[in-house]
Amino acid sequence: MVIGAGQAGLSAAYGLRRAGLAPGSGFVVLDGEDGPGGAWRHRWRTLRVDRAHRISSLPGLPFEPADRTRPAAEIVPAYFDAYERVYDLQVRRPVRVGAIRPAGPDLRVETDAGTWTTRALINATGTWTRPFRPRYPGAETFRGRQLHTVDYAGPEEFAGKRVVVVGGGTSAVQLLMEIATVAAATTWVTRRPPEFHEEPFDEDWGRTVVARVDERVRAGLPPQSVVSVTGLALTPEVRAAQAAGVLDRLPMFERITPEGVVWADGTAWAADVILWATGWRAALGHLAPLRLRSPGGGIAVDGTRVVADPRIHLVGYGPSASTIGANRAGQAAAREVVALLREPAAA
């Protein structure tokens with residue numbers, strides 16, 4: 001069984017089908033979304049394909065949009081839809097998984113659409129459904145609006161507002177640059193000083209990143225954020241924003257007041273909006289009954305295979321959180337699952 005039909009889940013399903021398993025009878029793909037596209041369905045409309053952070057082709061079908069200036073929220077779901085149809089993956093949706101429990105040699109998958117049993121599981125549930133927003137003193141007293149990246153619909157709603165953008169990742173930079181064109185004022189705060197890099201974010205770079213993140217998940221530690229490993233791309237747009245002062249970064253404030261934010265030295269900044277571009281955490285709550293977490297707080301994996309239970313593979317997790325990594329991980333997990341399923345016959 002595959003849970004999740006984003007980049008990693010579809011890559012895994014492709015690998016299972018290519019190995020000879022039939023969709024529906026040999027394996028099932030469950031997806032919690034109402035339609036194809038995974039998290040791309042929810043991206044803000046101003047995020048164009050040519051500005052999105054590396055969209056990779058799924059295995060066996062090149063991603064070749066005719067117009068790369070169209071919203072990624074349109075183009076990528078249409079591509080995923082075509083992929084599901086070309087390979088007849090028979091994704092079942094919307095099916096939301098509540099819990100996975102041990103059932104002897106099998107696993108019991110409890111959902112809002114019934115219960116399945118499976119000998120092996122490829123989990124590809126991503127992070128979009130689990131946005132992370134840190135707690136700061138006084139947040140509940142703020143009279144303005146607070147939202148997370150998942151709630152962002154476009155810059156228009158910030159016209160004439162004073163906006164604090166919190167977070168040091170790619171999304172924070174992208175949203176800040178958009179909002180600054182219409183807001184009355186913006187300020188950017190991060191926990192650590194941002195690091196911008198001119199090096200190309202190519203496949204060699206990607207392999208280096210994967211190796212660094214892999215060290216942590218093999219040790220059972222929670223995965224690092226991607227930007228903590230990669231840094232931020234120094235694009236022409238970013239250079240222009242730096243020159244305009246939009247990306248002048250401040251350290252994190254100490255507390256939130258009804259009127260805005262305050263730093264430890266008493267400096268205050270009045271705000272109408274606080275935008276938390278503070279990332280996500282892996283959506284793995286449904287795996288809790290299996291008690292897979294290590295003392296380090298993460299789930300230890302070897303490649304994609306969960307060390308504590310080799311029937312389970314995590315793809316789109318840790319080193320495979322990028323689209324390139326998700327493709328490789330999905331197919332690698334499929335190969336291992338097929339090998340596991342064939343063990344009794346070999347014996």
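Only this structure's heavy atoms are used, side chains among them; waters, hydrogens and symmetry mates stay out.
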Check: Thr190/Arg249 side-chain N/O donor and acceptor closer than 3.5 Å: yes
Salt-bridge present (Asp302, Arg305; N to O < 4.0 Å): yes
Set of residues satisfying side chain to side chain donor-acceptor pair (under 3.5 Å) with respect to Thr111, sequence neighbours excluded: none
Residues that Tyr87 engages under ring-ring contact (aromatic ring centres under 6.0 Å, His included), provided they are two or more places apart: Tyr14, Tyr83
Sequence neighbours excluded - ring pair (Phe, Tyr, Trp, His ring centres under 6.0 Å) pairs with any residue from residues 55-74: Phe63-Tyr79
Flag, side chain of Gln7 to backbone of Ser56, donor-acceptor distance under 3.5 Å: yes
Set of ring-ring contact (aromatic ring centres under 6.0 Å, His included) partners for His148, sequence neighbours left out: Trp280
Partners passing side chain to side chain donor-acceptor pair (under 3.5 Å) against Asp88 (at least two apart in sequence or in another chain): Gln90
Donor-acceptor under 3.5 Å (Asp106 side chain, Thr117 main chain): no
Derivation of the salt bridge (Lys or Arg N to Asp or Glu O under 4.0 Å) call for Arg93 and Asp31: CA-CA 5 Å; Arg93 61 167 63 90; Asp31 187 46; 3.1 Å; yes
Flag, side chain of Trp188 to backbone of Gly167, donor-acceptor distance under 3.5 Å: yes
Other residues, nucleotides, ligands: >12 heavy atoms within 6.0 Å of Arg162 CZ: yes
Heavy-atom donor-acceptor pair, Thr186 side chain to Ala180 backbone, under 3.5 Å: no
Which residues share a ring-ring contact (aromatic ring centres under 6.0 Å, His included) with Trp116, sequence neighbours left out: none
Sub-4.5 Å side-chain heavy-atom contact between Phe142 and Val261: no
